[in-house]
Amino acid sequence: MAKATFVVPELTQYTEVPAVTSGAMAHSLPFVSKPEFQEPLGFPGELVDDWQAKAIDKMDDLLGKYRSLRVYLDSCVKCGACTDKCHYYLGTSDPKNMPVGRQDLMRKVYRRYFTLAGRFFPKLVGAEDFTKEVLDDWYSYFHQCSQCRRCSVFCPYGIDTAEISMAAREIMDSIGVGQKYCNEIIAKVYKIGNNLGLPGPALADTLEGLEEDVFDDTGVKVRFPIDEEGAEILLVTPSADFFAEPHVDGLIGYGKVFHEAGISWTLSSHASEAANFGMFIGSYENMRRVSQRIREAAIKLKVKRIIFGECGHAWRVAYSFLNTLAGPWDFLDPRYPVPQHICEFTHDLIQRGKLTFDKSENDDKVLTYHDSCNVARASRMGDVPGGQFDIPRDIIRAVCNHFYDMDEDTIRDRTFCCGGGGGLLTDDLMELRVKGAKPRLDALNNVIQEKGVTHMAAICAICKTQFSKVLPYYGMEMDQIISLHQLVGDAIVLTPGPDDDAEDDDLDDEDDLNEE
Amino acid sequence: MKDENKAIDDAVDPSRRAFMGVAAGVTAAVVAPGVLLHAVSAAPRSEAVTADVRWGLLIDTAKCVDGCSACVTACDQENGLDLQSKPEGQPPLKWESQKAAWIRKVKLQDNQTGRVTTLPMMCQHCEHPPCVDVCPTGASFKRADGIVMVDRHLCIGCRYCMMACPYKARSFIHEEMHGQLTAVPRGKGCVESCNLCVHRRDFGEPSTACVDACAAEGHQAIVFGDLKDPASPISQLLKEMPSRQIREDLSLNTGVRYSGV
Amino acid sequence: MKRIVYREWRIPPARYWGILGILAAVAGTAVLAFGYMEHTGHWVTGMNNSVVWGTPHVFAVFLIIAASGALNIASIGTVFHKPIYKPLGRLSGLLAVALLMGGLLVLVMDLGRPERLIVAMTHYNFSSIFAWNIFLYTGFMVIVIAYLWTMADRQGGPFNHPVGILAFLWRLALTTGTGAIFGFLVARQAYDAAILAPMFVIMSFAYGLAVFMLVLMFTFRDEGRPIGPKIMRRLKNLLGVFVAGVLYFTLVYHLTNLYGAKHDDLEHWLLLSGGIYTFLFWIGWVLIGGLLPLGILYHPELSKDRNWIVAACALVILGGLATLYVIIIGSQAYPIQMFPGQTILESGFLDGVNGQPGPYNPTIPEVLLGLGGVAVASIITVVGVRVLQFLPESLADDVVPIDEETLSEEAFAKPA
Amino acid sequence: MAFLTNFYVFLFYFAALVLVTGLIFKIAQYTMTPAPLKIPTTPAPTTTHGVVLRMTREVVLFESLFRGNKWTWIFGWMFHFGLLLVTLRHLRYFMEPVWFPIQLVQPFGIYGGMAMIVGLGGLWARRFLVDRVRYISSPSDHLILALLILIGCSGLLMKFVFHTDVVEIKAFFLGLYSYDIQPLPADPLLLLHLFLVAVLMIVFPYSKLLHAPGLFFSPTRNQADNPREVRHLAPWAKQLEQK
Amino acid sequence: VQTVQAEDVKRYVVEGSRAAGLESCVEPTERMRRQHMEFIKHQRIATVHEGIRTEKYSLSGCVDCHISYDQERVPRPINDPDQFCGACHAFAAIDLNCFDCHAAVPNGARLDATAIAAHRAAGVGPLVQSRRDGEDR
Ligand code: HEM
Ligand code: HEM
Ligand code: SF4
Ligand code: SF4
Ligand code: SF4
Ligand code: SF4
Ligand code: SF4
Ligand code: SF4
């Protein structure tokens with residue numbers, strides 16, 4: 001178990017709403033970005049001199065660009081419905097982690113500079129000057145929001161604190177106060193093509209290794225192609241899928257599904273990253289720049305369809321924004337939505353009876369499913385609202401015998417964030433991540449106790465990384481979190497391809513040799 | 001504006017006073033006989049009724065004549081019940097079962113002796129009225145002087161009192177009313193019953209419409225009076241002749257007594 | 001013990017709105033009927049000065065006592081410690097509130113002056129059982145809502161048992177109170193029986209349970225949630241017991257009436273020569289509402305078939321309506337005996353001339369109004385199960401708690 | 001008397017001006033600001049028709065709040081529904097002849113007034129009792145509640161205890177339409193009621209009361225979930241494209 | 001429907017009614033305009049429950065004083081939309097249901113045939129008969 005410099009909360013049967021403890025998380029902040037990570041994104045390297053005026057200008061600019069920001073800053077009535085909805089508040093009890101508390105950090109500045117009441121009666125309406133202290137609060141607390149949008153579900157006006165966090169981060173970036181983790185990664189994408197900075201050849205190597213592994217395992221040659229021009233499908237998947245556990249098992253699953261579908265596909269080294277960190281920092285320009293890589297790859301590889309692998313934030317950008325940011329997609333096959341989610345693809349095959357499963361392969365597991373927040377609340381799958389809840393569950397039921405949902409209040413669009421989303425998946429924020437995971441783990445623990453659940457499936461790279469990291473803090477095993485497509489891959493019954501036999505023989509020979 | 005209103009029609013004014021029954025101008029004298037009789041002799045009550053009196057009726061069935069229904073007609077007229085009109089399209093028999101009646105004529109035959117009796121039935125003004133007990137809002141109430149009536153400003157038309165009354169004395173107004181008498185307001189949706197001509201009581205008149213009518217017919221079968229005053233004619237008569245309450249078994253101590261049943 | 005998972009009723013929106021639409025249409029026609037009766041006056045109904053309460057009251061009283069009976073399920077779970085009924089508690093509470101609302105609405109809509117409802121709520125005559133019932137009904141509503149809260153909210157857990165007991169007692173008082181509306185009418189012979197109040201209680205159990213079972217089976221089947229044979233068997237046996245109870249009380253009621261010579265004539269009339277009322281008594285009350293369902297429920301084969309159980313529940317409900325028709329309307333139609341030993345030859349009014357019963361023929365608006373109450377109760381139920389977690393996810397045999405009388409207290413301390 | 005009347009005449013012209021121009025300005029501002037990205041909170045309807053339905057449910061039933069917090073929902077809904085009834089009832093002061101539906105709603109308006117007070121009371125209590133809500137409340141939040149409660153209580157007192165001359169009030173307001181000044185009855189409660197109403201009208205476009213129009217412009221609620229089918233592009237984003 | 005201009009909403013007392021010729025109502029006018037409903041509600045309890053008939057706020061008293069007549073000398077129902085109670089209540093949109101039950105014109109006891117003849121002779125026939133609200137017209 002990882003050692004903690006903070007007190008790990010006890011899991012409770014139900015997540016109780018804690019009493020307000022002011023300033024409990026004021027010390028939590030991520031490393032500040034260095035100039036070298038700032039500049040590629042078009043941001044000043046460090047805090048500019050007249051930052052206050054610049055920030056207000058930037059705010060004015062954003063208010064004119066984003067209706068969400070303007071309406072949300074005006075409309076909140078402080079009804080309090082959101083106060084107990086954020087997992088970070090529930091885990092840390094810091095009132096500035098209540099969604100409305102977080103918004104108010106910006107709202108007080110907005111009121112001071114943009115409303116009559118705030119200009120004349122600041123005390124009355126809680127308006128404040130944009131001071132250094134306020135800026136510090138911003139930096140701290142706007143990096144304690146995973147942009148999960150749980151607050152927006154319950155707010156009577158749909159006020160989405162994520163929008164406010166994004167705007168705040170963009171304002172801070174614009175005056176030179178960036179967060180290292182996000183900005184460094186985005187810079188890497190520009191340079192290399194993915195978050196992890198894996199160059200093309202390395203990727204090809206890894207994939208080759210995968211092909212071998214699968215072959216060893218199953219005796220069937222399942223291909224993991226990259227940069228193959230003319231393939232039918234371009235698969236864009238989070239770079240974590242290329243090597244990290246449990247992600248990579250998901251990638252194997254996709255490969256097996258494509259194999260069974262008999263459709264040609266390819267990865268791209270140019271767009272080897274599904275996640276788009278531009279969203280985390282609220283920067284339309286950067287988000288667009290990252291997205292354009294996918295367009296370029298699709299054109300270059302002459303694919304007909306684009307499919308996204310398992311990643312929550314990636315899917316939000318893909319489903320909701322890709323058409324806006326990198327569209328129009330008129331050069332792709334119009335019979336398929338652009339883009340599609342790998343789950344939609346698999347589900348469709350299952351529906352059409354194209355896949356055969358041996359469910360008993362998964363009998364060693366009792367499953368539950370974690371709705372990743374950006375899939376659940378910011379996007380969709382299939383053609384009816386709510387498909388994003390049913391399609392993954394249908395798939396799990398098709399490939400497993402034992403499945404139980406967690407408490408109704410913590411799944412579907414009420415799902416709790418894993419605690420690591422929104423650009424916070426960095427070790428400098430470990431305390432926040434551990435505490436923020438508590439509400440989700442309370443519910444998980446419940447089904448573990450009551451239904452004997454052993455594993456939780458998820459379809460988000462961040463969730464998987466976050467859980468494998470924080471589960472041990474709570475006395476669970478890091479491998480209790482798995483990819484949904486790992487389950488698919490494990491249960492799928494593969495049909496040997498035409499070229500399998502030959503190699504099979506080789507293999508047999510090898511085996512014989514080994515035996516001898 | 002006031003000045004304009006002051007321009008009154010002088011010709012109308014005096015006769016209007018006549019209706020009020022306050023002044024007796026020249027015109028009033030002409031109009032008088034029918035109208036004023038009632039009003040002039042009236043001395044409106046100015047203090048609350050008390051329990052010093054208890055109004056009641058004594059009905060001598062021996063004097064009540066088969067075929068006569070003067071009391072019923074009189075009550076209908078006095079209390080404007082004849083102003084009810086059958087709603088269009090309602091079958092007459094059904095209407096019979098729905099229109100309000102405060103008093104009714106009943107003809108009985110003794111199963112043993114075969115003797116035939118006729119008598120008028122109205123609210124018996126019970127001392128312990130079940131209708132009052134059950135009324136949820138207290139609309140059905142007993143006045144201090146023993147009159148049981150419905151405050152129709154409170155009545156919600158639930159008809160529970162009708163369920164409770166052992167004498168079927170109460171009626172529900174099933175239809176919209178027009179042209180009501182000033183003295184007897186009446187409207188759709190409330191329950192009502194004989195109130196011993198309460199407006200006459202409060203204007204100090206000596207008897208009820210039914211009593212007057214019976215007397216006018218020369219039958220004198222009904223006597224009205226104060227049951228608490230030993231000197232009143234009704235008390236005297238009650239002492240003289242045997243009388244009983246209908247459904248004595250219920251011990252309601254009715255204010256209406258019958259002799260000869 | 002496994003935790004019971006409750007979940008909103010998640011049928012497809014089209015079907016949900018379809019159901020709501022139909023119910024709203026029924027409720028809408030009831031509103032029209034109300035408007036018609038209100039606008040023209042009550043002469044358009046079959047009610048008159050002899051039969052003052054008609055078909056709407058049959059429906060209203062049915063709904064009200066069924067409300068109390070529906071809560072019985074929750075009581076059995078909480079008060080009588082039968083854990084197998086616990087998963088049904090929430091639905092039971094919801095139905096109780098819904099049916100009561102439906103019933104009261106019908107009562108109010110039938111008032112001669114419904115706009116004076118506020119008068120009824122601000123002026124009380126405490127010698128009137130009716131006025132008490134207003135408190136009983138509103139109190140019931142509040143208590144059941146509190147009870148639902150204790151079942152659904154974690155913080156409510158500790159209060160579940162006490163509130164359950166209170167609800168149970170209140171419910172008995174309520175049914176007794178409803179029965180007493182009739183019981184105190186000394187004027188009417190048929191109501192002059194002490195047994196009426198307990199009979200209403202057992203009737204409420206039977207009708208409430210029948211309605212409950214229908215709703216349970218309908219909602220579960222529509223969404224494909226499982227109901228295991230174990231709980232089904234328990235429910236149907238319980239229904240059988242209650243139906244038999246109603247029959248038993250009916251027997252006692254008529255025997256005592258026959259025994260006391262003073263009601264001979266009434267009994268003779270009702271059992272033999274009462275026309276429609278005699279028919280409804282034998283065919284509706286005894287056969288449809290009693291013997292037939294009993295036959296089904298205890299038949300070794302039929303009683304295993306869900307469709308037959310549904311049929312039995314429906315028969316109990318139909319029989320219940322017939323029963324109340326006989327009790328409420330028959331007893332008014334039977335002439336009041338004002339002059340014992342005399343025959344009324346003529347009367348200026350419907351006094352039972354020659355022993356004739358009072359006339360009453362239900363009219364369409366009355367029936368529509370009554371059905372409107374049913375529709376409103378259904379709407380509340382449907383919306384309730386849709387937006388809140390009333391229905392358990394499954395009642396399959398392996399999910400429902402084992403029913404052991406001796407389960408430790410702890411099992412109850414934490415409601416699911 | 002004449003002074004009072006003139007003061008109120010001025011006050012109401014001014015308040016109405018502020019309210020109307022303020023609201024128009026705000027609404028125009030909201031309309032003109034683009035929403036560059038599709039951000040409906042899903043599951044969301046996929047058609048405009050569905051969005052209308054969702055918005056109706058939000059406005060009429062406060063659906064999200066219902067899911068969020070039952071107590072706040074009960075009180076909040078009571079208050080707003082009461083306020084709606086009261087407003088409808090009040091329309092009688094501003095129209096002649098009075099429309100039939102407004103006539104019908106009169107008696108319910110009174111219950112609406114009571115419900116409004118109860119609702120506001122509950123909402124206010126929560127600002128003291130729940131620590132989280134106490135934390136987020138600023139003085140203005142309390143003041144607005146106080147203002148509304150005072151308006152409601154003065155109104156109810158006029159209705160039930162200290163009657164005022166409704167007919168003259170109506171004449172006063174009808175007169176305002178045609179600059180034909182009619183005397184206003186000088187009943188203190190009425191003057192208080194009207195003064196506070198004018199204050200409410202003036203602060204409306206400058207306070208959180210903007211939530212009423214705001215809801216209709218909230219992108220998480222008013223967008224259809226169809227980004228894959230329809231390309232959604234804000235004008236300023238289009239310019240990026242041309243670069 | 002009558003449209004009342006702002007300037008003439010002041011007074012509702014109808015021309016040709018007895019009130020039109022008098023200085024003031026049973027209470028000062030300002031008071032009546034605000035309080036009349038309280039007065040008559042109080043009166044109705046006193047009358048119905050205690051039998052007190054002399055108080056000045058009797059509803060039949062209001063009708064008697066405020067009623068007006070048409071050319072035929074027939075009284076106009078007081079709750080008509082252009083009559084005293086009716087006009088004001090329509091303006092203020094207040095439901096006035098008293099006259100569902102109460103006579104909206106002075107309507108005393110029935111006259112017998114001789115009295116009617118006497119009235120005819122005196123030339124006040126229609127006037128008196130109309131007390132039955134047109135019943136005998
Ligand atoms: C389309 C119309 C409106 C909608 C949908 C709406 C909705 C809401 C909702 C959902 C809340 C939060 C729940 C609560 O605290 O009650 C709220 C609060 C509030 N609303 Fe409205 N509202 C509307 C119009 C108005 C108007 C016209 C007013 C004022 C005159 C108003 C005054 C308030 C106040 C004062 C609060 C805050 C209550 C508190 O402090 O807790 N609302 N509104
Ligand atoms: C110019 C606008 C307004 C005028 C002229 C006005 C006038 C009045 C008057 C005369 C009454 C007494 C009614 C009676 O005696 O029957 C009243 C009552 C009331 N007013 Fe207002 N008012 C106005 C605006 C408001 C507003 C904006 C609110 C709410 C926020 C409000 C809330 C109430 C309430 C709750 C009552 C008591 C219930 C009722 O009689 O409807 N009023 N108002
Ligand atoms: S978006 Fe998620 S993390 Fe951010 S404030 Fe809302 S609930 Fe909390
Ligand atoms: S739920 Fe919405 S309106 Fe309520 S306090 Fe939170 S952000 Fe503000
Ligand atoms: S008037 Fe007299 S005699 Fe005639 S029916 Fe009536 S009581 Fe009998
Ligand atoms: S006779 Fe009937 S109505 Fe009259 S007091 Fe007795 S119970 Fe009441
Ligand atoms: S009908 Fe009227 S008087 Fe009779 S019980 Fe009901 S409310 Fe009372
Ligand atoms: S006392 Fe009067 S009200 Fe009663 S029956 Fe006789 S006439 Fe009718």
Side-chain angles (χ1 to χ4, degrees), chain B residues 69 72 87 90 93-101 103-112 116-118 120-121 130 132-141 153-160 162-168 170-176 188-191 246-247 249-250 261, chain C residues 38-53 107-108 110-114 116-117 119-120 122-134 181-182 184-188 191 332 336-351 353 358-361:
Chain B
S69 62
V72 176
Q90 187 73 329
L93 256 176
K94 194 169 173 195
W95 173 236
E96 278 303 306
S97 71
Q98 287 178 327
K99 73 170 192 195
I103 175 172
R104 64 188 188 267
K105 192 69 191 302
V106 181
K107 183 167 166 184
L108 302 168
Q109 180 170 41
D110 194 302
N111 292 348
Q112 240 104 61
V116 171
T117 334
T118 70
M121 282 285 294
V132 172
D133 284 345
V134 300
C135 175
T137 63
S140 191
F141 72 106
H153 306 108
L154 294 182
C155 173
I156 55 174
C158 69
R159 288 126 46 223
Y160 195 17
M162 300 177 72
M163 287 289 272
C165 172
Y167 306 96
K168 282 192 166 180
R170 294 209 153 173
S171 303
F172 180 69
I173 304 299
H174 286 80
E175 79 290 357
E176 204 141 347
K188 182 180 72 186
C190 286
V191 164
I246 296 176
R247 288 221 63 179
D249 55 323
L250 298 176
V261 245
Chain C
E38 189 36 40
H39 181 72
T40 52
H42 268 64
W43 64 269
V44 296
T45 71
M47 291 177 261
N48 52 55
N49 286 331
S50 294
V51 177
V52 301
W53 286 352
L107 270 193
V108 168
D110 182 69
L111 292 180
R113 290 218 154 233
R116 290 194 185 156
L117 187 61
V119 174
T122 47
H123 293 73
Y124 291 107
N125 166 22
F126 285 106
S127 66
S128 169
I129 187 71
F130 230 71
W132 282 105
N133 277 346
I134 295 177
I181 288 182
F182 302 97
F184 279 94
L185 296 176
V186 287
R188 312 256 170 188
Y191 300 139
Q332 295 175 77
I336 292 185
Q337 303 297 298
M338 270 175 263
F339 306 98
Q342 316 242 26
T343 306
I344 299 178
L345 297 181
E346 285 169 23
S347 166
F349 184 73
L350 300 130
D351 261 338
V353 176
Y360 174 76
N361 294 305

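Letters A, B, ... mirror the listed sequences (proteins, then strands); counts begin at 1. Here the structure is a predicted model, which is why all the values come from computation and not from measurement.
Annotation for C:Ser128 and B:Cys135: closest pair CB-O, 3.3 Å, computed over non-hydrogen atoms. Closest heavy-atom contact between C:Met338 and B:Tyr167: SD-CA, 3.7 Å. Taking all atoms of both residues into account, the shortest heavy-atom contact from C:Gly112 to B:Arg159 is N-NH1, 4.1 Å. Closest approach of C:Phe349 to B:Arg104, counting heavy atoms only: CB-CD, 3.0 Å.
Residue C:Ser50 forms a side-chain contact (heavy atoms from CB on, under 4.5 Å) with just one option from B:Lys168, B:Met162, B:Gln98, and that option is B:Lys168.
For a residue to count as touching a neighbouring chain, one of its non-hydrogen atoms must lie under 4.5 Å from one of that chain's; by this rule C:Asp110 touches chain B with backbone and side chain alike. For chain B, the nearby part of C:Gln332 is the side chain; its heavy atoms alone come within less than 4.5 Å. Using a 4.5 Å cut-off between heavy atoms, C:Thr40 contacts chain B through its backbone alone, with no side-chain atom that close. At a 4.5 Å heavy-atom cutoff, B:Ala139 makes no contact with chain C through either its backbone or its side chain.
Chosen from B:Ile156, B:Val116, B:Asp110, the residue pairing most often with chain C at heavy-atom distances under 4.5 Å is B:Ile156. Ranked by heavy-atom pairs under 4.5 Å with chain B, the first of C:Gly41, C:Gly46, C:Gly341 is C:Gly341. Per-residue counts of heavy-atom pairs under 4.5 Å with chain B were compared for C:His39, C:Met47, C:Arg116; the largest is that of C:Arg116. Taking chain C as the reference chain and counting heavy-atom pairs below 4.5 Å, the highest number among B:Gly189, B:Pro166, B:Ser97, B:Cys155 is found for B:Ser97. Considering only heavy-atom pairs separated by less than 4.5 Å from chain B, the leading option among C:Val52, C:Val119, C:Asn133 is C:Val52. Of the listed residues B:Val191, B:Leu154, B:Leu108, B:Ile246, the one with more heavy-atom pairs under 4.5 angstrom with chain C than any other is B:Leu108. Of all the listed residues (B:His153, B:Glu176, B:Gln112), the one sharing the greatest number of non-hydrogen pairs under 4.5 Å with chain C is B:His153. In terms of heavy-atom pairs under 4.5 Å with chain C, the best-connected choice from B:Val134, B:Asp133, B:Val106 is B:Asp133. Heavy-atom pairs under 4.5 Å with chain B were tallied for C:Pro340, C:Gly358, C:Gly348; the largest tally goes to C:Gly348.
One N or O on the side chain of C:Trp53 and one on the backbone of B:Cys158 form a donor-acceptor pair closer than 3.5 Å. Using modelled atom types, one side-chain atom of C:Arg188 and one backbone atom of B:Met163 make a donor-acceptor pair closer than 3.5 Å. B:Lys188 contributes a side-chain N or O that, together with a main-chain N or O of C:Glu38, makes up a donor-acceptor pair within less than 3.5 Å. Under the 3.5 Å distance criterion, the side-chain polar atoms of C:Asn125 are left unmatched by any main-chain donor or acceptor of B:Thr137. Judged by distance alone, with hydrogens and angles left aside, the side-chain atoms of C:Asn49 form a donor-acceptor pair with the main-chain N or O of B:Lys99 at under 3.5 Å.
With rounding to the nearest 0.5 angstrom, the OG1 atom of C:Thr343 is 6.5 Å from the CD atom of B:Gln109. For the atom pair CD (C:Glu346) and NZ (B:Lys107), the distance works out to 4.0 Å, reported to the nearest 0.5 Å.
The shortest side-chain heavy-atom distance between B:Lys94 and C:Pro359 does not fall under the 4.5 Å cut-off. Within the 4.5 Å cutoff, the side chain of B:Met121 has heavy atoms near those of the C:Phe339 side chain.
Under the 30°/60° scheme for interplanar angles, the aromatic rings of C:Phe130 and B:Tyr160 are found to be tilted.
Counted by atom type alone, B:Lys105 and C:Ser347 present zero donor-acceptor pairs between their side chains at under 3.5 Å.
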